[in-house]
Amino acid sequence: KRQIFMNLWPLKNKELQIYGGAGMQAAKGGVFLLWANADSSYWPLGGIDTPSTSLTLFTTYRGFYHAKVSYSTEGGNRYTARFQHYYTNNITHNTQQSSISNLYYGEAQVFLSKGLPFSLNSGIAWTRNRTEAQLFGNHLAHSLSFYSMLAYTLKDLMSIEGGLRLERFVVDTIATTHDKLPFFSVFKGGIALTPLPFMNIRASYSGGYRFPSIAELFTSTSVSSLHIFPNPQLKPEISHSFETGLRLFLVKERKAKIYSFIDIAIFYSRYLNMIEYNFGVFLPDTVKPPVPLQTLLKYIGFKPLNTEEAIVKGMEIVLNLNAKLPGSIVNGVSTSLGYTYTLPYYDKNDTIYIATLSNKNSKFLKYRNKHLFTWEMSISNNFLSIDFYGMLRTRFENIDTIFIERNEFLPGFRNYWEKYNSTEYILNLMITTAIKPVLTLSFIIENLTNSEIMGRPGDIQPPRTFKLQLNYKLGSPGS
């Protein structure tokens, strides 16, 4: 894996700022979807040198460049334009899965506050994505959105904001339609109060809209006896999310620059037409019964479907401490502890979705965890920083039942699931030293405890991994 990134500041003054940057990355490796067996989880189904191997050898090239121009006036008004281009070329050497993608993004934004009792942030954003893929064909996707957000602040006591975004997506000839309109409107609003110097209270609502991806609409492939089917009839996901929260500052010591807070939030989201892959028999209309067994097997697999309704609710608690200690051996210490309780479940008796669940007595959505604990810590001085990140999550409550009932898709998985579907934890470590102001060297250990983590059935995450990373900032001040 090789990568180079550049950020340039060719012009920067009080009124006008121009930024630019570019980067490129190359990677070579192999990836597989299904393991050979539960006791050979890092070995692909079919081995590596046979015609039946499920290992895909690839070389990937990625590149991007971006530019931003921003002009500000003395009264606080700001006018911004930005443009980005992302290029990806995935070359597969032993399978027909190569693809090339060019994604363009442009945005124009106006921020007004001069002479107004409020601030107004409005703009237009545009994307264009041209994809040429052996896996799902050639497709053109583009989107256009208009947005506007009003914000009002009453000193340090209260702030209110509200906004509207109009979205339109088109993939080939499939386009956004809602209530006979060619766009979808998304609302967002919130309020934050500071009734006491050590207390913040907030509440917000946010609408959401996700158009199906090109892969969900058009991907058609198979690995061994496992088939993936496209679904051009997918409907966009729509969501309504609410959150209320309380933040209490426990310590505010300005002289030593120490502060600590606890943040508690409760959230609730309702999803309509949530897109999830479901296992089943998906016979095309051209295949009429009776269907021979060999023909039937060709149409058994996974297909993205719209689950009727789903709800995700829960709470999150974060305890944070930051301290800057000038003059001591350790200049800065920060740590954060987090806990998230999530209850994601389907809201209506969707018989097709229920049939795919491993635990049909539970309404829990597939591949979700109920409890998540996180820990972050950073210790630094003028020359060295040490960063830790830890995560602990509880077992999956539900998965696709086919992986448990049928052994041919993932050999040995049922016994593996019964033994290892339990609490998982991971710890990462990064040590960074500044050789020069623009040159840093980092030593990274991912999965320090060498824990066995499963992202999905058959997808065992990498074991303990060591990395050495050298970063040099080009074009920045002092280089």
Side-chain angles (χ1 to χ4, degrees), residues 1-2 25-62 88-101 133-136 213 215-216 218-230 276-280 294 297-304 356 358 366-367 396 399-422 424 426 446-447 449-467:
K1 186 177 180 180
R2 301 289 185 270
Q25 181 187 77
K28 187 175 183 179
V31 62
F32 61 90
L33 183 65
L34 303 176
W35 65 28
N37 206 298
D39 58 2
S40 307
S41 56
Y42 290 116
W43 194 255
L45 183 68
I48 60 174
D49 297 320
T50 65
S52 61
T53 182
S54 59
L55 177 68
T56 298
L57 301 175
F58 68 87
T59 302
T60 298
Y61 301 97
R62 294 187 178 94
T88 304
N89 187 1
N90 294 314
I91 303 171
T92 58
H93 303 291
N94 63 332
T95 59
Q96 299 297 312
Q97 297 182 8
S98 297
S99 65
I100 297 176
S101 175
Q134 293 176 319
L135 195 61
F136 45 75
S213 68
E216 291 168 334
F218 303 112
T219 294
S220 177
T221 187
S222 62
V223 180
S224 184
S225 56
L226 182 64
H227 302 278
I228 307 295
F229 301 103
E276 294 222 344
Y277 276 87
N278 290 273
F279 186 87
Q294 288 300 111
L297 293 175
K298 296 179 182 179
Y299 298 102
I300 297 177
F302 288 89
K303 184 177 182 178
T356 68
S358 58
K366 291 178 288 187
Y367 307 108
F396 284 142
I399 65 170
D400 284 289
T401 188
I402 190 64
F403 292 121
I404 297 176
E405 295 176 352
R406 302 291 296 269
N407 191 59
E408 63 266 29
F409 294 113
L410 282 174
F413 178 76
R414 179 169 184 168
N415 292 334
Y416 180 93
W417 174 258
E418 292 173 351
K419 183 177 180 181
Y420 292 107
N421 182 37
S422 58
E424 299 176 326
I426 193 169
E446 296 179 351
N447 195 1
T449 54
N450 206 31
S451 302
E452 191 163 323
I453 305 293
M454 183 178 67
R456 56 159 177 77
D459 178 29
I460 306 302
Q461 300 300 297
R464 185 185 297 118
T465 305
F466 301 90
K467 295 181 179 180

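Heavy-atom basis, side chains included; hydrogens, waters and symmetry copies ignored.
- Side chains of Asp400 and Tyr277: no donor on one and acceptor on the other come within 3.5 Å.
- Remark: side-chain polar atoms of Ser98 are paired, donor with acceptor, to backbone N or O of Thr92 under 3.5 angstrom.
- Aromatic pair Phe396/Tyr420: centroids not less than 6.0 angstrom apart.
- When atom types are taken as modelled, the side chain of Tyr42 and the backbone of Ile460 share no donor-acceptor pair closer than 3.5 angstrom.
- Using a 4.0 Å cut-off between charged side-chain N and carboxylate O, Glu446 and Lys467 make a salt bridge.
- Around CZ of Arg406, the count of heavy atoms belonging to other residues, nucleotides or ligands within 6.0 Å does not exceed 12.
- Between Gln97 atom CD and Ser99 atom OG the span is 9.0 Å, to the nearest 0.5 Å.
- Side chain to side chain, Asn90 and Thr60 meet the donor-acceptor criterion of an N or O pair below 3.5 Å.
- Closest approach of Lys303 to Pro230, counting heavy atoms only: CE-O, 3.2 Å.
- Distance check, rounded to the nearest 0.5 Å: CD of Glu424 to CE of Met454 gives 6.5 Å.
- Put simply, CD1 on Ile402 and CZ on Phe413 are 12.0 Å apart, with the number rounded to the nearest 0.5 Å.
- Ring orientation note: the planes of Phe302 and Phe279 are nearly perpendicular, at an angle over 60° on the 30°/60° scale.
- Phe58 CZ: more than 12 foreign heavy atoms inside a 6.0 Å radius.
- Of all the heavy atoms in Pro411 and Leu45, the pair that sits closest is CG-CD1, 4.4 Å.
- Here the closest non-hydrogen pair linking Ile48 and Thr53 is CA-OG1, 3.8 Å.
- Taking OG from Ser41 and CD from Glu452, the interatomic distance works out to 5.0 Å, rounded to the nearest 0.5 Å.
- Pairing each heavy atom of Thr59 with each of His93, the nearest pair is OG1-NE2, 2.8 Å.
- In this structure the side chain of Pro457 reaches within 4.5 angstrom of the side chain of Tyr367, judged on heavy atoms.
- Gln134 contributes atom CD, which lies 11.0 Å from atom OG1 of Thr221 (distance to the nearest 0.5 angstrom).
- Rounded to the nearest 0.5 angstrom, Asn421 CG and Ile399 CD1 are separated by 7.0 Å.
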